Number of protein chains: 2
Amino acid sequence: MTSTDVAAHVGVSQATVARAFSSPEKVAPATRKRVEAAAAELGYVPNAIARSLKSQRTNIIAAVVPSVGEYWQSVLTAFSKQLADRRQQLLLFSFSDPAQLEDVLTSLAQYRVDGVILASASIDAGRLARVGSQQLPLVAFNQPAASGLVPSVSVDNDLGMRRLAAHVVENGARRVAYIGGVAATSTDQTRYRGAAQALAQAGIACPYTESGGWAYEHGYGAARELVELGELPDAIMVAGDELAFGVIDALEDRGVSVPTEVMVTGFDGLPQASWAGYDLTTLTQPVELLVEQAIALLLGPSEPEPADIVVAGELRLGRTTKSSSIFESRKDHG
Amino acid sequence: MTSTDVAAHVGVSQATVARAFSSPEKVAPATRKRVEAAAAELGYVPNAIARSLKSQRTNIIAAVVPSVGEYWQSVLTAFSKQLADRRQQLLLFSFSDPAQLEDVLTSLAQYRVDGVILASASIDAGRLARVGSQQLPLVAFNQPAASGLVPSVSVDNDLGMRRLAAHVVENGARRVAYIGGVAATSTDQTRYRGAAQALAQAGIACPYTESGGWAYEHGYGAARELVELGELPDAIMVAGDELAFGVIDALEDRGVSVPTEVMVTGFDGLPQASWAGYDLTTLTQPVELLVEQAIALLLGPSEPEPADIVVAGELRLGRTTKSSSIFESRKDHG
DNA sequence: CTGAAAGCGCTAACAT
DNA sequence: ATGTTAGCGCTTTCAG
């Protein structure tokens with residue numbers, strides 16, 4: 001079914017049918033009705049592919065997202081929703097291994113999408129710069145390393161970790177351990193730096209342990225090792241919520257109670273952090289807002305130099321740090 | 001950058017450049033090298049949009065998926081991965097409200113995708129039939145109601161619930177309650193029927209409570225009401241894992257211990273079900289396998305009549321039902 | 001093996 | 001307000 005078929009059926013030119021759909025105001029109401037009726041009858045729908053070829057706009061935004069991780073899934077959902085509101089579609093490119101990225105970016109280039117959201121901590125600066133040098137509108141999502149190279153939107157990792165650190169210190173923590181995700185990523189580095197610096201100001205050290213990933217298992221494993229080494233700190237600051245869930249479960253499996261013996265903080269503000277089972281103290285990322293900004297950067301007029309938007313998150317106080325009284329009584333006795 | 005530009009640069013015809021990319025074997029090795037070199041230098045990548053216009057294949061599969069729910073996110077990830085392996089892209093259409101479905105299906109039609117995955121419990125049979133009558137290859141994912149109307153792939157809800165029911169009965173449950181999701185959906189109905197029938201065979205009733213959704217909060221709310229009504233059963237069978245997490249947390253928040261006082265079962269086998277914090281007894285859906293079958297149905301030769309594939313899940317025994325001893329001792333005393 | 005030429009279905013001047 | 005016409009970048013006969 002093409003516009004030509006409909007045109008023949010109605011007895012107008014193909015161009016009129018096309019206009020009836022792409023700019024209805026340019027066609028007489030009566031003609032438009034007849035065209036619409038015929039289209040409905042014949043089951044005609046304009047061909048977006050053909051339209052794109054001519055107009056050079058696809059109304060498709062590509063999202064390059066890691067295929068795993070609770071956090072990315074929530075981000076994806078937000079993008080998909082907000083893009084739908086703007087009549088854009090989301091073409092999904094997920095990858096599990098940074099090595100696949102090359103392929104992904106190649107097949108992406110073929111689709112002449114209107115813009116790309118690059119959401120992954122594990123893209124190195126070199127590649128980023130190369131992608132950024134293309135024509136294609138691009139925005140890096142939550143990748144501190146992208147700052148300056150390409151337009152980017154991130155949560156304020158530094159501020160967020162400082163606030164979490166301040167909170168555990170207020171709650172009496174004197175010895176703090178930090179469990180990171182993947183040390184090579186800029187997100188991990190930025191978060192750790194924020195925590196370490198804030199704690200240093202309170203005269204507290206913050207030894208870093210790399211868990212090697214961002215998933216539950218990684219957190220679980222890292223915390224188990226910490227327990228086995230003995231010498232548990234007052235608080236464990238964890239680089240991400242999913243990791244933190246693993247940390248909490250590992251601790252409690254080994255009889256270490258949270259927060260009575262050890263406080264735990266996360267980062268991200270996943271829905272599950274609010275679930276009663278964990279009720280995690282964390283830094284909630286304003287995902288909707290971040291996504292909104294990213295889309296604005298992508299679809300809006302391109303700035304002369306790459307904009308870097310940093311949005312503050314919100315401290316969520318859960319029961320994994322509610323232990324001021326415990327520490328105060330400890331101090332009384334110590 | 002077009003094939004014509006590259007052709008001019010190399011000194012061959014545009015057709016040769018196009019062939020060098022779409023069917024390299026039809027072009028002399030020497031020419032191909034020169035074309036490839038020029039393309040790399042000029043940054044040329046074939047335009048998939050233009051290709052699709054001519055070839056009538058987009059290599060894009062659309063997925064229509066609810067925008068919320070842990071389960072759908074895991075399904076989406078599986079699709080995205082497996083489609084990438086087959087060099088297909090995933091165009092995502094998410095919707096939060098069944099009312100939006102109409103719009104979604106319309107914009108979907110414009111993109112002339114090669115196939116559609118319809119994954120949502122809340123599409124009524126009428127609409128399904130209408131969509132199915134189009135040209136477009138289609139597969140319904142985990143929608144028992146679709147069976148017979150359009151090709152479909154689902155987990156064996158009935159068998160799964162029967163096995164869970166058998167398990168709780170073996171573990172000594174004599175009074176069982178069922179917490180459903182959305183009663184109007186075929187998934188909910190099929191699961192409940194399986195549980196109710198299996199329990200009936202053991203002479204056990206299975207009163208149904210609708211929680212009104214599939215999210216954590218719905219499970220939490222439904223369980224809270226159950227507790228407030230008093231009269232707790234030996235086991236609560238829940239229609240989905242995410243609901244079950246809410247149920248467990250609601251019970252424990254009110255001092256009802258799981259599984260000592262009440263056993264809980266889920267359905268889906270989300271990653272979180274294996275997390276130590278919940279360690280839920282559930283029916284694990286073989287998501288990878290389901291997705292594989294769905295893709296095969298979509299991309300393979302179309303059958304004369306709609307195929308309905310039903311795949312059995314796997315029983316996962318967690319600690320939310322490990323309580324045989326408790327019940328046995330109760331029986332001793334009762 | 002390579003080139004010439006005709007479209008795929010639509011948009012956007014331009015003309016009427 | 002509508003029709004005519006020329007492409008968008010590619011694939012694909014058909015010749016050579």
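Sequence lines set the chain letters: A, B, ... in the order given, protein chains first and strands last, and positions in each chain run from 1. Scope of the values below: all heavy atoms of this structure, side chains included, with no hydrogens, waters or symmetry mates. Keep in mind the model is a prediction, meaning the values are calculated, not measured.
Ser52(B) comes within contact range of no nucleotide atom at all, as no heavy-atom separation falls under 4.0 Å.
Note that the two end axes of the helix from dC1(C)-dG16(D) to dT16(C)-dA1(D) enclose an angle of 30°, each drawn from 5 base pairs, rounded to 10 degrees.
Taking 4.5 Å as the limit, some side-chain heavy atom of Tyr111(A) sits within range of a side-chain heavy atom of Asn59(B). Residues Gln56(A) and Arg112(A) are not in side-chain contact: their nearest non-hydrogen atoms beyond the backbone lie 4.5 Å or more apart.
Side-chain polar atoms of Gln73(A) and Thr77(B) form a donor-acceptor pair below 3.5 angstrom. No hydrogens or angles considered: a donor-acceptor pair under 3.5 Å links the side chains of Gln14(A) and Ser3(A).
Side chain of Asn157(A) to backbone of Thr187(A): no donor-acceptor contact under 3.5 angstrom is found. Between the side chain of Ser80(A) and the backbone N or O of Leu76(A), no donor-acceptor pair lies under 3.5 Å. The backbone N or O of Thr58(B) lies less than 3.5 Å from a partner atom in the side chain of Asp114(B), making a donor-acceptor pair.
Between Ser13(B) and dT2(C) there is no side-chain polar atom (N or O) within less than 4.0 angstrom of OP1 or OP2. Contact check, Thr31(B) against dC1(C): no side-chain N or O comes under 4.0 Å of OP1 or OP2.
Take Tyr71(A) and apply the ring-ring contact (aromatic ring centres under 6.0 Å, His included) test, not counting sequence neighbours, and it matches no residue.
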Subject >> Contact state string [nucleotides 6-16 of chain D, B base, S sugar-phosphate only, - no protein heavy atom under 4.0 Å] >> reply: -BBBBBBB---
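Atom NZ in Lys33(A) sits roughly 15 Å away from atom P in dA1(D) (whole-Å rounding). Rounded to an integer number of Å, the gap from Arg34(A) CZ to dA1(D) P is 15 Å.
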